[in-house]
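Working notes, beginning with the structure itself.
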Amino acid sequence: MKQYFYPAIFHTAEEGGFRVSFPDIPECLTEGGSMEDAYQKKHNSRAVKKTLSISEWLNEEAMSMGVNFSQVLQEALISKIQAH
């Protein structure tokens with residue numbers, strides 16, 4: 001199996017722990033409670049394509065602001081999961 005290597009950037013999360021982003025794959029994010037946890041999770045990160053529907057006005061406003069839809073969705077999902 002071919003292996004690909006991408007640079008990863010570790011960010012200190014405001015709520016504690018670490019988030020990992022991949023500049024070459026902006027829709028792929030992961031996080032962990034510690035640097036080691038985040039490092040281990042980055043090896044299990046795979047991007048999965050999802051389709052969703054939003055209001056047209058919301059899409060237009062977000063597009064005009066250059067919002068990264070994938071990043072916003074991932075951050076919201078991580079926040080929702082951590083709240084439980």
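Residues satisfying the salt bridge (charged side-chain N to carboxylate O under 4.0 Å, His left out) criterion with Glu75, sequence neighbours excluded, are Arg19. Ile54 is linked by a side-chain contact (heavy atoms from CB on, under 4.5 Å) to Leu52, Leu58, Asn59, Phe69, counting only residues two or more places apart in sequence or in another chain. Residues passing the side-chain contact (heavy atoms from CB on, under 4.5 Å) test with Val67 are Ala62, Met65, Val72, sequence neighbours excluded.
The minimum heavy-atom distance linking Pro7 with Pro23 is given by the pair O-CD, 3.4 Å.
Hydrophobic cluster membership of Ile78, counting Ile, Leu, Val, Met, Phe, Trp and Tyr whose side-chain heavy atoms lie under 4.5 Å apart directly or via other members: none, as it forms a cluster of its own.
Note: the hydrophobic cluster containing Phe22 also contains Met35 (ILVMFWY, side chain heavy atoms under 4.5 Å, direct or indirect links). Cluster annotation: Leu73 and Met63 are assigned to the same hydrophobic cluster (Ile/Leu/Val/Met/Phe/Trp/Tyr, side-chain heavy-atom contacts under 4.5 Å, transitive).
The stretch residues 63-73 participates, sequence neighbours left out, in no salt bridge (charged side-chain N to carboxylate O under 4.0 Å, His left out) pair at all. The list of salt bridge (charged side-chain N to carboxylate O under 4.0 Å, His left out) pairs with a residue in residues 53-71, not counting sequence neighbours, is empty. Sequence neighbours left out, the pairs with a member in residues 7-18 that pass side chain to side chain donor-acceptor pair (under 3.5 Å) are His11-Ser21.
Once rounded to the nearest 0.5 Å, the distance linking CG of Asp37 with CZ of Phe18 reads 10.5 Å.
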